[in-house]
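Remarks on the structure that follows.
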Amino acid sequence: MPEPFVSKRAAIYKDVPDEKWNDWRWQLSNRLNSVEDIEKVLPLSDSERRALQTQGIFRVDVTPYFISLIDPDDPEDPTRLQIIPRAEEMQSFTAMMEDSLAEDRHSPVPGLVHRYPDRVLMLVTTQCASYCRYCTRSRIVGDPGQTFKREEFEMQIDYLKRTPQVRDVLLSGGDPLVLAPKILEELLSRLREIPHIEIIRIGSRVPVFMPMRITQELCDMLEKYHPLWMNIHVNHPNEISAELAAATDRLTRAGIQLGNQAVLLAGVNDNVHIQRELVHKLVRIRVRPYYLYQCDLVEGAGHFRTPVAKGIEIMEGLRGHTSGYAVPQYIVDAPGGGGKIPLMPNYLMSMSDHKIILRNFEGFITTYEEPTDYTPDKAAKFKGLKRPEPGQKGLTSLLDGEDLFIKPEGFEETHGRDGIQHRLKDESKWKPLGIGAPKEE
Ligand SMILES: *Cc1c(COP(=O)(O)O)cnc(C)c1O
């Protein structure tokens, strides 16, 4: 087991017996959220006090377990920065948005985000065990008035039933693991009744905020709904405690594949050595680093943002330098609903008709000789596997030969120069003569 960060529980919660401490309901009902509560366990700065006293600030709540992972003597403690608001949170910045990923625009029914062809994000609650200050969904998260209603859940299920292209449902919120156990089980069993849903995923920070929630009983319940995957959210090695290790052990023994989604945060983990330590500790507790996200352009998160170059530098320091299993993908979730875009350093330096030039993680420059006798599509049995993605065109349709180009909006009008239709403008001129013609389906 990795060396756990020394929890401050013994100092600040010495009167709480194990039986209470290890009860997740006790953790939830004893969360800290005011200046008075928090000042009992750590001295607040003026900036933190001011933020905590501001009306309308994104909800604050911290479990006693998680707050005990903070070093009270370090005002810049990485755990503290993630969970205790500071005055900077109220500062606006260029390009800041309420819903930077345009999730609400991609919701066919409330709480269901269908952005990608074969998978959906299902927001099942607005509540969390504790609230991350950089939350991408702070527009709805934490607000009990925004929580999803029974009718909305039925609409989500109904949409999924009539949308057979969806084979992967990602439960998120809020945090699905704060739902009452019965409701969570009902949700999973209702999803499992839909034959085309192949995998279910849960996105949760509960194992990190409140590892005692991951009881054997919960794991026994989850195990009934396989194939089930789970992504947790750890940002800094200090969050990898003995308790979290025990929780991930129970989950993996129940056959649940665990991944981690971290967010690149200024002052918390924007350093290659911290990231390497983080991914090493994650694989030791059998959690595979999945994504490292660039911080979104969301209200309240301005002071956490780093340049994208920092993310590239971190990836440069991971790939090749450590196990492939420990290397996440670095992702910019594009504003305006562009979706997840992976970024990495350039390894392809140049190419000719028969050779490519590559560099490795050490800066060694090499060549790869291309085959001269390659016949594509010899493995021709893929025809029955080809899956039409309703409404999805784009690069795939260019590669498949269904389209020859993609035009920006207004392209025709601009290039028509307000001219007239005349004999030289015959449309057939711009159709390929046989070879390369778009295929008729
Ligand atoms: C992140 C996300 C998913 C899942 O994406 P993967 O890359 O498959 O993990 C699905 N839907 C939405 C809207 C998302 O933001």
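Indexing begins at 1, ligand by ligand and atom by atom, following the structure's order. This one's a predicted model, so the numbers in the text were calculated from it and none came from an experiment. Here, residue 1 is the first one in the sequence, and each next residue gets the next number.
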Taking the six-membered ring for Trp, are His233 and Tyr134 parallel (under 30°), tilted (30 to 60°) or perpendicular (over 60°)?
-> perpendicular
Just jot down the ligand 1 atoms closer than 4.0 angstrom to any heavy atom of Leu121, in number order.
-> 11 (N), 12 (C), 13 (C)
Indicate yes or no: does Glu313 engage Lys310 in a salt bridge with an N to O separation below 4.0 Å.
-> yes
Is it true that Arg286 and Asp249 make a salt bridge, defined as a side-chain N closer than 4.0 Å to a carboxylate O?
-> yes
Nitrogen or oxygen atoms of [X] and ligand 1 under 3.5 Å apart:
X      : result
Glu103 : no
Tyr116 : no
Arg119 : yes
Arg115 : no

So, Ser138 versus Tyr131: side-chain donor-acceptor pair below 3.5 Å or not?
-> no
Is a side-chain donor-acceptor pair under 3.5 Å present for Gln329 with Tyr290?
-> no
Top protein contact for [atom], by heavy-atom distance:
atom                    : value
atom 13 (C) of ligand 1 : Val113 CG1, 3.6 Å
atom 9 (O) of ligand 1  : Tyr290 OH, 2.6 Å
atom 1 (C) of ligand 1  : Lys340 NZ, 1.3 Å
atom 4 (C) of ligand 1  : Arg201 NH2, 3.6 Å
atom 7 (O) of ligand 1  : Tyr291 OH, 2.5 Å

Around Leu348, counting heavy atoms of other residues, nucleotides and ligands shown, do more than 12 lie under 6.0 Å from its CG?
-> yes
Does NZ or CZ of Arg150 come closer than 6.0 Å to the centre of the six-membered ring of Phe153, within 45° of the ring's axis?
-> no
Is NZ or CZ of Arg201 both nearer than 6.0 Å to the six-membered ring centre of Trp229 and within 45° of the ring axis?
-> no
Pick one of side chain, backbone, both or neither for how His114 approaches ligand 1, counting any non-hydrogen atom pair under 4.0 Å.
-> neither
